[in-house]
Amino acid sequence: MYVAVKGGEAAIDNAHRLLAEVRRGDPTVPELTVAQIREQMALLVDRVMAEGSLHDPDLAALALKQTRGDVVEAVFLVRAFRTTLPRFGASVPLDTGAMTLTRRISATFKDLPGGQVLGPTFDYTHRLVDFALAEQGDPEPAAEAEPRADAALTPRVTDLLGRDGLIESSPPDDGAPLGDITREPVDYPCDRATRLQALARGDEGFILALGYATQRGYGRTHPFVGEVRVGHVAVEFVPEELGFPVPLGTVPVTECQMVNQFKGSRAVPPQFTRGYGLAFGQSERKAMAMALVDRALRAEELGEPIVSPAQDQEFVLAHCDSLQATGFVEHLKLPHYVDFQAELELVRRMRAEFEDAREAAE
Amino acid sequence: MPDRNRGTVQDPEIESRRAVMALCAAATEAELAEAVTACGEPEAEDIRLPEVGLVMATGRIGGDGRPFNLGEVSVTRAAVRLADGRTGFAYHLGRDRRRARVAAILDALWQGEGDRRGVEAALAGIARRTAEATVAQARRTAATRVDFLTLARGED
């Protein structure tokens, strides 16, 4: 049991003042602006938005400035901020099929309708440090080309396979009410929608490690990247007073359709199964790892033996949230004097009993 | 190029209003303020003070299946009434209250048949800018289009 302590107010105030000064760093170096972080640390901002579970690039950039670039602390600030705001409602479900694409690749079909576009990617770079970047200067302008006629029509790869029945279709929208883990605690076992909400806001490193573990044999799912698409998708919301979907603007998202093997069963002919990942921003690693873990967590539904952590929904969901995890780990450094005093007493008593018993035996 | 970022609803009047709302959502506060000035800067009272809140963005499992909660987006809303009783609304991503309020004034103006063309004309510059940005983005993306070839493995 945790027993509160008091005192230390002046030291705490001074520690926070010191933090502010240290955060600023060397005052002869120009101070970062929020816009610089938003524009030039964009993928870090995306990560804070994804795990903070709030799309607001300026807020995420400001949080990163305040936390000296500590991602989990920044997520904490974003999550705390959202609790101060009213919720107007839920959006119309995003139509990722109608995204304006800046990147789209498939590892399963080289000639998909609408084509593959690499967009701004680290893939195929040599991963050599570019020392020229240590100096300031503008890059050469991006190349341009006339979009081909088919570029405007980019169906999801899974829709193509789906037409032949070779791949399972998405679970239908049965109009059932949607649970929300920010409102109610998770009840296990929980449905796939609840799992995806948790994974979407889950820690990228944790989900990456679990996804990796499935590839290495701990809950194998034989994945292929059916498609990764990155771009901007419209967000629409139906306000009560208007009664029609109002366009709020567009948000950047990354979607991953993982295509997995499935042998079929007596009732179901052999077909590919699927895992799904979706995240705010250009967050490919996150979306891919999420899709791997989403598929792994369907083990029970698909009659697969549950033998590894990535297939265990309580294990995954209860531990994937970086804020919850850091809260419980980091609370250990807060004063536990009374707890520890009690343990100390107990150990002393047990040692005394141990010594007594030994003396009696001699 | 058609705007692929918007769904459609059946009523053409609502569809036109949505198009104006989408333009306002893509505009800067300065652009919208300029448009309101061009429309004669009408007096407007707040039905509700501009307010920052959240909308839970939902996705669909597999892209087209059952909905799930992706995460929230910050949204600012405003509602105004003009002197002649017309009301206007705005809901925008982000936390810019002033921008939402001027967009609500433009929405209110647009409700009057007589002002409709004036509002759309005032927003034409924004439409042009966003269309040009979309085309430029599409051209840069198109330059990265890739045709992968499968190499023969040299086994007969």
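Lettering of chains follows the sequences in order, A, B, ..., and the numbering in each one begins at 1.
Scanning all heavy atoms of the two residues, the minimum distance from B:A25 to A:P247 falls at CB-O, 3.9 Å. Closest of all the heavy-atom pairs between A:Q257 and B:G63 is NE2-N, 4.2 Å.
For A:P171, the parts sitting under 4.5 Å from any heavy atom of chain B are the backbone and the side chain alike. Proximity to chain B (any heavy atom under 4.5 Å) is shown, for A:E146, by both the backbone and the side chain. Only the side chain of A:F237 comes within contact range of chain B, judged by heavy atoms closer than 4.5 Å. Only the side chain of A:R156 comes within contact range of chain B, with at least one heavy atom under 4.5 Å from a heavy atom of that chain. Neither the backbone nor the side chain of A:A50 comes within contact range of chain B; no heavy atom of the residue lies under 4.5 Å from a heavy atom of that chain. Heavy atoms of A:I181 lying under 4.5 Å from chain B are absent altogether. Only the side chain of A:R274 comes within less than 4.5 Å of a heavy atom in chain B; its backbone stays farther off. Both the backbone and the side chain of A:D58 come within contact range of chain B, each with at least one heavy atom under 4.5 Å from a heavy atom of that chain. Both the backbone and the side chain of A:Q116 come within contact range of chain B, each with at least one heavy atom under 4.5 Å from a heavy atom of that chain. For chain B, the nearby parts of A:D174 are the backbone and the side chain; heavy atoms of each come within less than 4.5 Å.
In this structure, B:V146 and A:V117 have side chains that are not in contact, with every pair of non-hydrogen atoms separated by 4.5 Å or more. No side-chain heavy atom of B:V73 sits less than 4.5 Å from a side-chain heavy atom of A:L54. At least one side-chain heavy atom of A:L242 sits under 4.5 Å from a side-chain heavy atom of B:M21.
Your options are B:H92, B:R17, B:R145, B:R140, and the one with the most heavy-atom pairs under 4.5 Å with chain A is B:R145. With chain B as partner, the option from A:D180, A:T96, A:T158 having the largest number of non-hydrogen pairs under 4.5 angstrom is A:D180. Between chain B and the residues A:P172, A:A291, A:C256, A:A200, the largest count of heavy-atom pairs under 4.5 Å involves A:P172. Of the listed residues (A:G231, A:G275, A:P239), the greatest number of heavy-atom pairs within a distance under 4.5 Å of chain B belongs to A:P239. Looking only at heavy-atom pairs under 4.5 Å with chain A, the residue among B:V75, B:T76, B:T144, B:T141 that has the most is B:T144. Annotation: maximal heavy-atom pairing with chain B below 4.5 Å, among A:M49, A:R87, A:K110, occurs at A:R87.
Between A:R148 and B:D147 there is a salt bridge, with a side-chain nitrogen of the basic residue lying less than 4.0 Å from a carboxylate oxygen of the acidic one. A salt bridge links B:R48 to A:E241: at least one charged side-chain nitrogen sits closer than 4.0 Å to a carboxylate oxygen. Salt bridge B:R95/A:D56: present, at least one basic N to carboxylate O contact under 4.0 Å.
Contacts between residues 79-90 of chain B and chain A, counted as heavy-atom pairs separated by less than 4.5 Å, involve B:F89. Interface with chain A: from residues 103-113 of chain B, no residue qualifies, criterion being any non-hydrogen pair under 4.5 Å. Near-neighbour residues of residues 52-60 of chain B relative to chain A, defined by a heavy atom under 4.5 Å from a heavy atom of that chain, comprise B:V52, B:G53, B:L54, B:V55, B:M56, B:A57, B:T58, B:G59, B:R60. Of all residues spanning residues 29-46 of chain B, none has a heavy atom less than 4.5 Å away from chain A's heavy atoms.
Here OG of A:S91 is found 14.0 Å from OH of B:Y91. Values are rounded to the nearest 0.5 Å. Between the NE2 atom in A:H232 and the CD atom in B:Q137 there is a gap of 7.5 Å [rounded to 0.5 Å]. Taking CG of B:D64 as the reference point, atom OG of A:S170 lies at 3.5 Å (rounded to 0.5 Å). Atom CZ in B:R66 sits 5.0 Å away from atom CG in A:D191 (nearest 0.5 Å). Separation of atoms CZ (A:F88) and CZ (B:R77) is listed at 4.0 Å; rounding is to 0.5 Å. Separation of atoms OG (A:S53) and CG (B:L70) is listed at 7.0 Å; rounding is to 0.5 Å.
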Applying side-chain contact (heavy atoms from CB on, under 4.5 Å), run through A:L178 and B:N69 and close with a yes or a no. CA-CA 8 Å; A:L178 195 52; B:N69 293 319; 3.4 Å; yes

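Listed for the B:E72 side chain is no donor-acceptor partner under 3.5 Å among the backbone atoms of A:R82.
Taking the six-membered ring for Trp and thresholds of 30 and 60 degrees, B:F68 and A:Y276 have ring planes more than 60 degrees apart, a perpendicular arrangement.
Remark: A:F224 CZ is loosely packed, at most 12 non-hydrogen atoms of other residues, nucleotides or ligands lying under 6.0 Å away. Within 6.0 Å of CD in A:E240 there are 12 or fewer heavy atoms belonging to other residues, nucleotides or ligands.
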